[in-house]
Each structure stands twice: as structure tokens, then as C-alpha cells.
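Contents: one structure, followed by commentary.
Chain A is the first sequence line, chain B the second, and so forth, proteins listed ahead of strands; every chain is numbered from 1. Being a predicted model, the structure only gives us computed values, none of them experimental.
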Amino acid sequence: MPIVQFFLTDVQYRIIGGKAIIYLYGRATDGEQICVTDAHFEPYFYVLPKKGKESSLRAELEKLQVKDESGTFSVVRVDDVSKRLREHEINVFKVVTNLPSAVPVIRESIKGWDSVDAAYEYDIKYVRRYLLDRKLTPLVLTEANVEPTQEKSKVPVLSAKSIRQVSEETLRNPRILAVDIETYNPKGKLINPKEYPIVMLGLYGEDFQKVVSWKQFPSEPFVEHVPSEADVLLRFVELVEQVKPDILVSYNGDGFDLPYIRTRADKYKLRLPVGLDYTDLKIQGTANKTAQMAGVAHVDIFRFIRRVIGRSMKTDTFTLDEVSKELLGTQKVAVPLDRLADDWDNHPENLHQFAVYNVHDARLTNDLIVKLWPNIVELVKIVGLPLWDVSRMSFSQLVEWFVIKQAADFNEIVLNKPNYAEQMERMGKRFKGAFVFEPTPGLYKDIVVFDYKSLYPSIIASHNISIGTLNCQCCQGIKRVPLETANLWFCTKRKGFISTIIADLIERRNRIKDILKKEEKKDPLLSARSESLKLLANAFYGYLGFAQARWYSFECGESVTAYGRDYITQVIEKAQKIGFKVLYSDTDSIFLLLDSRSKNDALTFIDEINKHLPGVMELDYENYYPRGIFVALKSGTEGAKKRYALIDEKGNLKIRGFETVRRNTSPIAKKVQKTVLEIVLKEGDAEKAVAFLRQKVDELRKHITNMEEVTIHTVLQKEVSEYESVGPHVAAAQRMANRGTPIGAGTHIRYVVTKGKGPIRDRVHLPDEITKDDYDPEYYIENQVIPGVERIFAVLGFKKEDLVQEKTQSTLGSFL
DNA sequence: CAGGGGCGGGG
DNA sequence: GTGTACGCCCCTG
């Protein structure tokens with residue numbers, strides 16, 4: 001029997017002859033795209049019988065059959081199995097059904113039976129169940145003994161007799177095709193797939209780039225002109241088949257491109273058989289759409305970036321432009337997109353620039369997934385689910401599926417999701433959070449920062465925090481959690497499930513870090529694995545307190561923060577005892593003032609602390625900062641981010657909690673804030689910072705400041721008529737409308753506030769209606785620039801009145 | 001201050 | 001399809 005080796009890229013199942021068949025799509029080691037089918041996996045779930053009712057329940061189950069218009073659902077077999085439930089031995093029935101869809105039906109029909117105590121694992125999707133039970137990890141080299149079949153498909157279909165994972169080798173260079181569409185939008189940003197056509201469809205992959213458009217215009221050869229929009233859609237299907245990608249990648253393709261393609265195809269009653277089995281492009285969901293095609297993993301890289309990478313990125317807007325700048329160091333090409341519709345209708349000679357823009361976006365999308373591929377592969381390996389699923393999961397889902405995957409090795413039953421009422425109850429309870437030492441606002445010198453390495457994960461591992469070790473019989477009264485409000489302890493004899501898998505995560509990561517330390521040229525896959533393990537470990541604590549978690553535990557969550565508070569306050573007390581002044585502390589970090597002490601004293605102190613820490617707990621030296629500024633919080637905003645800015649010895653600024661990048665702020669305000677911080681921290685010269693501020697204020701009053709600097713940008717969120725209150729941006733939109741500019745939801749609004757009396761909305765003008773002499777300096781000084789720096793100067797002993805004088809009639813700079 | 005509602009990305 | 005929606009921010013009662 002022939003043997004094939006392949007990397008699993010997508011998994012589906014189909015019902016054939018009343019039986020579920022698993023379809024494993026992948027890239028064979030010879031480079032061919034193939035499909036391996038497995039007909040030998042039975043759907044099942046677990047039932048816990050009531051004590052004493054075992055045999056009657058078994059008899060009832062064995063003959064259970066439910067018929068409805070969609071088919072017959074029946075129990076095929078009932079097996080006795082011993083499992084563990086919340087870390088304790090238990091006997092349950094494994095109820096095997098005829099179809100995957102029979103699982104929820106059968107479970108539903110036994111819900112009220114008095115012989116049934118509980119049902120488990122009835123909501124684990126068949127394909128996921130298959131991968132986890134068979135221990136097959138997507139993207140990892142897999143081997144199968146196969147027989148060829150004649151099944152109609154775009155790729156050879158091979159029927160597997162046996163299948164197994166043979167090594168840790170992963171798919172390094174998947175074939176990728178990126179897709180991006182441009183649409184006809186006469187009304188600014190308003191998107192309307194029912195009415196407005198796709199004008200161009202761009203594709204990009206290695207050695208492949210193409211734009212398909214249904215209008216003739218002068219262009220380069222990568223643009224293909226077809227007679228109609230329907231032909232664009234058909235060409236899309238053909239080109240995907242021609243390129244045979246493992247992955248179709250998009251930027252917000254779930255939410256935009258693919259549903260748009262689907263809607264346009266439906267309008268023409270076209271099928272879109274992009275699936276390798278000729279099935280249609282499938283769009284699911286309404287609010288949160290997803291797009292799927294059999295055999296080709298559609299990755300919406302925007303979703304992955306926002307959910308998984310986003311937290312560790314600098315940007316907080318996830319536009320393709322911003323994300324590309326940060327991750328790739330390149331950006332989108334600038335084209336006047338708001339002219340596309342008009343050019344499409346009236347000036348085809350201008351259209352080529354949009355084709356260039358189109359294919360460039362596809363290229364960026366391609367480059368993003370290539371760049372992030374190591375991270376994606378590692379998450380897929382850790383979580384063990386298909387690429388399509390993993391790339392769409394939130395953090396809590398990734399943690400949960402990692403736990404579910406581990407559950408098999410511990411013979412643990414997967415706990416059920418909480419119902420709505422349970423979720424509500426969980427949400428109503430809050431446990432005490434982290435310890436925060438409020439800083440005294442001020443400018444400080446010689447700051448050292450320590451932090452606990454992965455504080456919460458190491459607490460969970462070191463203190464054996466787990467659902468099944470909580471308040472065990474055997475350890476009553478010993479090693480209590482440092483908590484006033486409850487009497488909690490965790491077993492010191494038996495290892496817990498959650499604590500063990502987290503300890504394992506930490507250990508795996510430490511091993512990788514050791515290897516990385518020795519490597520001169522860091523293996524990007526290993527670095528990515530280390531990052532992924534860290535991300536996952538850090539997400540565990542949040543998961544324990546997440547209302548929708550299967551392994552939710554209020555007591556575990558509150559124990560983690562209780563230990564956390566205990567560890568950090570111990571460091572604070574010890575530091576104070578030997579004479580360090582504590583400046584600030586939050587959760588796992590502590591900021592100390594060196595005063596007369598040296599950096600070496602700080603290192604000695606850390607060593608001393610580490611000698612007495614249990615398990616994998618470790619206090620780290622984070623950095624030394626020659627200067628730092630701590631600013632008072634806005635009154636009444638408790639829980640708002642702490643505001644501070646530090647500068648290290650290399651001159652790098654570390655700014656936290658200053659809202660430097662707010663949309664409806666003028667560039668001048670952002671710039672002044674940033675520069676003031678730089679002067680204060682780099683040079684420690686408050687007077688110079690004041691002088692800088694005064695100079696900028698002077699420039700505003702003298703109208704030297706550029707118009708661009710005082711132009712405020714926002715985006716219209718709805719139609720102008722729908723606004724109840726006329727804010728400045730709405731007033732600006734009305735002005736645009738009055739002069740005939742098409743506006744609507746999504747239109748970018750740029751406006752300047754000008755001199756005059758009355759509310760701001762009456763003083764709003766569009767930049768090209770006025771000159772530099774018209775903007776209102778006092779508005780920009782009072783409402784934009786000063787608020788951004790007021791608190792910084794307050795720390796330095798300057799009141800608002802000291803900074804700038806009120807406006808006078810003097811024509812000279814009046815504040816010197 | 002809680003809870004509802006809208007939005008993100010995309011042209 | 002082992003069905004059906006996330007999480008944050010803003011506004012209002």
C-alpha cells in the first residue's frame with residue numbers, strides 16, 4: 001500500500017452513505033496538493049449516570065433513536081470508560097452515535113432523564129475531536145498508508161488505512177495567495193455590496209501578481225481586462241484553482257472582501273466553487289462573518305493580528321497601512337480613493353493607479369502572513385487545531401483549546417461551557433486585583449525597575465493552583481493562601497491539572513530560551529515558539545476568571561492575585577527596610593530610587609530576594625532609568641492607566657498612559673506633548689521645556705504655525721442627518737455637503753477652528769476655505785496644546801498661569 | 001454606574 | 001452543523 005507524507009493545512013468532514021468521512025487536505029512532501037480521507041472515526045460524547053441507575057440508563061441509551069425531518073439520529077454503542085472529572089476518578093458512558101450531528105440531538109433528548117447526572121463533551125466539533133483524539137497536529141508532517149480513489153476533486157483523493165504523525169517537522173513555505181478587492185463607492189466610505197460592483201480584484205503570491213478588472217484602461221500586463229463583473233468573479237475561481245494555494249490570505253476578508261464577492265456572485269446567480277471538492281465559498285455569521293472554502297485555509301490576517309499580536313504592538317489602529325508600517329516597515333501606496341468611482345465612470349485613463357494600489361495591498365497582505373508565519377505555526381502546534389480555527393481564536397479560546405488538548409493526556413473530561421445564567425453569576429463576582437503603589441507625582445532621577453518574571457503563571461505553577469487541588473482533604477490547614485476573606489489552600493502532595501500544564505509551558509519555554517541564548521543566529525521559529533508559549537502562559541490567569549471559561553474558578557483566580565500581592569509587597573517592604581525609596585509598583589513591577597546607592601546594590605538586593613523564592617518564581621532586573629516623570633491622574637478616574645514616562649541610558653523613551661495618539665487632537669498638540677517630555681527627560685531642563693511651549697504658543701498667536709498642524713481629522717460615523725447634536729465634525733461635514741462634496745458615513749473630515757464668537761461648531765471651517773490667519777490661536781492653546789502638557793508642568797512646579805499669559809492686545813509676543 | 005448600542009477592518 | 005457572535009468604548013437613563 002502506498003505511503004504519503006504531507007503537511008495538513010485544512011480539515012473538513014462530509015457525510016457519505018450515512019457515515020462521516022474526514023477529509024484531510026495538505027501539501028505532500030513531493031509538492032503536490034492532496035486530500036487524504038479517513039472513514040474510521042466515530043462521533044461520541046460522555047454521559048455520567050446517576051448512582052444506581054447505570055444499567056437502566058445503559059439499556060435506554062442503547063435503543064435510543066431520534067427521527068426528524070433532517071434524518072435519523074441514533075446511539076450506536078455505549079462503552080464503559082474511566083475518566084477523571086475535576087481531577088478525580090470517575091466512571092462514565094462513552095456514547096457513540098451514528099452521525100456527528102446526532103451528538104447534540106441525542107444529548108438534548110436525554111437532558112431531562114432522571115438516570116442522567118450530566119453529559120460532557122457534546123459540543124466539541126467533530127473535526128476538532130478527530131484531530132485531538134488522533135493526535136494529529138495541523139502543519140506538522142503526517143504520514144498515511146493510502147489507496148487512491150476516483151472521487152471528483154481538484155486534487156487527488158486518497159483513502160487512508162492508517163495515519164500518524166511522524167516527526168515535528170512543520171510546513172515552512174506554504175503556497176500563499178493574497179486577495180484584495182476594490183469596489184465602486186460613489187459615496188465616500190459607505191459600503192453597499194448589494195448595489196455597488198467590485199471594480200478590481202487583486203491577487204498576489206510568490207511569482208504571481210494579477211489584477212482582474214471589467215473595464216478597459218491603459219495598464220501594465222499584470223492587469224487583465226474581462227467583459228463583465230461576473231467574469232471577474234469567475235476568473236477569481238479559476239485563478240485560485242490555477243495557483244493551488246494552501247492558504248488564501250486577506251486583510252479583513254472575513255468582514256469585507258469575501259462576503260462582498262459572495263454577495264456579487266449571488267446577484268448574478270453564480271456559483272463560486274473555490275473548494276477543492278468544488279463546493280462553494282461559504283460565508284457564515286451575520287455580525288461576525290467568516291469565510292471558508294474546503295481545502296484552502298482562508299486566513300484573515302487582520303483578525304489574527306488584532307486578536308493575538310495586537311496587544312504587543314505599538315499601534316492601536318489596525319488599518320493595513322498602520323500595521324504594515326509597524327510590522328513590515330512599508331506602507332500602502334497613496335491614491336485618491338475617493339475619486340475611484342468618478343474615474344471609473346468618466347476617466348478610465350486614470351484607473352491604472354488603482355490597479356497598482358490594489359495589487360500592492362494584496363502584496364502587503366501576503367508579506368504580513370509570511371512575516372507572522374512562525375508565530376502562526378507555533379500557535380497551531382501548541383493548540384492542535386486547524387489553521388483556519390486558530391487564526392480566528394481569541395486568547396481565552398486559545399488557552400481553552402490548549403487545556404482541552406492537554407485534557408486527553410491527563411484523561412480529564414472536558415468541562416462544560418457555563419450557561420447564560422452561570423455566566424451572569426460569574427460576571428457579578430469580582431475578586432480583589434493586583435497591588436498598586438501610587439506614585440507621588442514628580443520628576444525623578446536614577447530609577448531602577450524590577451519585575452517578577454511571568455508572575456501569575458509562576459504563581460499558578462509554584463503553588464499548585466488548580467481546580468482539583470483546591471481545599472483538598474489531605475492538606476487541611478497547611479500552606480494557606482494569603483487572603484483575609486477566605487480560607488483557601490492547595491494540595492501539596494498531588495499535582496494539579498492546570499498547575500501542571502502551566503508548569504510544563506514555563507519549562508518548555510525556558511528550554512527554548514536556553515537554546516536561543518546559545519544560538520548566534522536566532523532561529524525565528526524557536527523565537528516564535530518562545531513568544532507563543534509566553535503569550536499562552538500569561539493568558540491563563542485571565543482565563544481562570546473569564547466568565548465563559550470551562551475551567552473557570554473564582555477561588556483559583558483570587559488566590560493568584562492574593563499570592564501576587566503578597567510577593568510584591570514583600571519586595572517593597574524588604575527594599576524599604578534596607579533603605580531604598582519605593583517610587584511606584586503595579587502588579588509585578590517595582591520602581592525604586594537609587595538615591596545614594598549603586599546599581600550593584602540593586603542587583604545584590606535582587607539576588608537576596610531570589611534566594612528565598614519558591615519553585616519557578618524569579619525577580620528580574622528590568623532596567624535602569626536616569627530620569628522619569630510621574631504625573632497625577634485625572635481626578636475621579638480611578639483605574640485609569642498610570643501615567644509615567646521614563647528615559648533609559650540609550651535615550652529611549654518609555655511612555656505609558658499619555659494619550660499622545662488621540663484621533664480628534666490636532667498634530668500641534670501631539671507634537672508639543674512629545675517634545676516637552678523629551679526635553680524634560682533627556683535634558684532635565686524644565687525651563688527649556690517651558691520656553692519651547694511658549695515658543696509654540698507664540699507661533700500659534702502669530703499665525704506662523706502651519707495649517708496642517710491645526711487641522712483636526714475625524715471620520716463621520718453616520719449620515720449627517722442622523723446626528724442629533726451638531727459637533728464640530730458634523731458642522732464641517734455640513735459645509736462639505738453645501739459645496740457639493742458627496743459625504744456619508746465613513747467620510748474623512750478635516751477641519752480647522754477659526755476665530756469668532758459662539759459655540760465651536762459655528763467656528764468650524766474646512767482647511768481650503770481659509771488661510772493661516774483665520775484659525776483661532778486661543779482655541780488651540782486652551783483646548784488642545786495646554787491640556788496635553790498641563791500635568792507634566794504641574795509636576796515640575798508650573799501652574800497653568802505660569803506657562804502662558806492670557807491673550808493681550810499686544811502685537812508682540814506678550815509672555816516673555 | 002450599569003447597561004445598551006455601535007463599531008472595528010474594508011472602498 | 002457535536003449550530004448562532006467578540007470585546008471595547010461611548011452614550012444615555
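With 3.5 Å as the limit, one finds no donor-acceptor pair spanning the side chains of Arg134(A) and His40(A). With 3.5 Å as the limit, one finds a donor-acceptor pair spanning the side chains of Asp277(A) and Thr279(A).
Using a 4.0 Å heavy-atom distance criterion, Phe45(A) is classed as making no nucleic acid contact. No contact: Asp257(A) has no heavy atom under 4.0 Å from any strand. Among the atoms of the strands shown, none is found under 4.0 Å from any heavy atom of Ile106(A). Within 4.0 Å of Arg129(A), counting heavy atoms only, lies at least one base atom of the nucleic acid. Within 4.0 Å of Tyr44(A), counting heavy atoms only, lies at least one base atom of the nucleic acid. Within the 4.0 angstrom heavy-atom criterion, base atoms lie near Pro100(A). Residue contacts for Asp321(A): at a heavy-atom cut-off of 4.0 Å it reaches no nucleic acid atom on any strand shown. Note on Asp300(A): nothing from the nucleic acid sits closer than 4.0 angstrom, heavy atoms only. Counting any heavy atom pair closer than 4.0 Å across all strands shown, Leu320(A) reaches sugar-phosphate atoms only and no base atom.
Checking dT2(C), dG10(B), dG9(B) against every side-chain atom of Ile191(A), the shortest atom distance belongs to dG10(B). Here the side chain of Asp123(A) is nearest to one of dG3(C), dG11(B), dG10(B), namely dG3(C). Picking from dT2(C), dG11(B), dG10(B) the nucleotide with the shortest atom distance to the side chain of Tyr126(A) gives dT2(C).
Between dC8(C) and dG9(B), the distance separating the two C1' atoms is 15 Å to the nearest Å. Between dG6(B) and dA5(C), the distance separating the two C1' atoms is 14 Å to the nearest Å.
With respect to the salt-bridge test (charged N to carboxylate O, under 4.0 angstrom), the residues Arg262(A) and Asp280(A) qualify. Classification of Glu400(A) and Arg550(A) as a salt-bridged pair holds, one side-chain N sitting under 4.0 Å from a carboxylate O. Between Asp180(A) and Arg363(A) there is no salt bridge, since no side-chain nitrogen of the basic residue lies less than 4.0 Å from a carboxylate oxygen of the acidic one.
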Practice item. Under the ring-ring contact (aromatic ring centres under 6.0 Å, His included) rule, what do Tyr204(A) and His360(A) come out as? Steps first, then yes or no, please. Key: CA-CA 8 Å; Tyr204(A) 185 93; His360(A) 184 74; 9.1 Å; no

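Atom P of nucleotide dT2(C) and atom CD1 of Ile404(A) are separated by 14 Å, given to the nearest angstrom. In this entry the distance linking CG of Asn358(A) with P of dG11(B) reads 9 Å, nearest Å. Rounded to whole angstrom, the span from the CG atom of Leu337(A) across to the C1' atom of dG9(B) amounts to 14 Å. Rounded to a whole Å, the CD1 atom of Ile283(A) is 22 Å from the P atom of dG3(C). Rounded to whole Å, the distance from CZ on Arg128(A) to P on dG3(C) is 11 Å. One interatomic measurement links the two molecules: NZ of Lys289(A) to P of dC7(B), which rounds to 14 Å at whole-angstrom precision. Regarding Asp180(A), its CG atom lies at a distance of 9 Å from the P atom of dG10(B), rounded to whole Å. Counting to the nearest Å, the P atom of dG11(B) and the CG atom of Asp343(A) are 17 Å from each other.
For the side chain to side chain donor-acceptor pair (under 3.5 Å) test with Arg392(A), the passing option among Asp300(A), Thr290(A), Asp254(A) is Asp254(A); the others fail. Under the side chain to side chain donor-acceptor pair (under 3.5 Å) rule, Glu42(A) has a single partner from Arg77(A), Arg129(A), Lys94(A), which is Arg77(A). Glu229(A) pairs in a side chain to side chain donor-acceptor pair (under 3.5 Å) with only one of the listed residues (Tyr184(A), Tyr268(A), Trp214(A)), which is Tyr268(A).
Although no hydrogens or angles enter the test, the distance criterion places no donor-acceptor pair under 3.5 Å between the side chain of Glu182(A) and the main chain of Phe354(A).
Considering only side-chain N and O atoms, Lys332(A) lies under 4.0 angstrom from the phosphate OP1 or OP2 of dG11(B). For dT2(C), the OP1/OP2 oxygens have a side-chain nitrogen or oxygen of Tyr13(A) closer than 4.0 Å.
For His347(A) and Phe217(A), the distance between ring centers is not under 6.0 angstrom.
Secondary structure note: stems in DNA chain B built from 3 or more consecutive Watson-Crick or G-U wobble pairs under 3.5 Å occupy B:1-8 with C:6-13.
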Interface polar pairs with nucleotides 5-9 of chain C, N/O, under 3.5 angstrom:
unit_1: dA5(C); atom_1: N6; unit_2: Thr286(A); atom_2: OG1; d: 2.5
unit_1: dA5(C); atom_1: N1; unit_2: Thr286(A); atom_2: N; d: 3.3

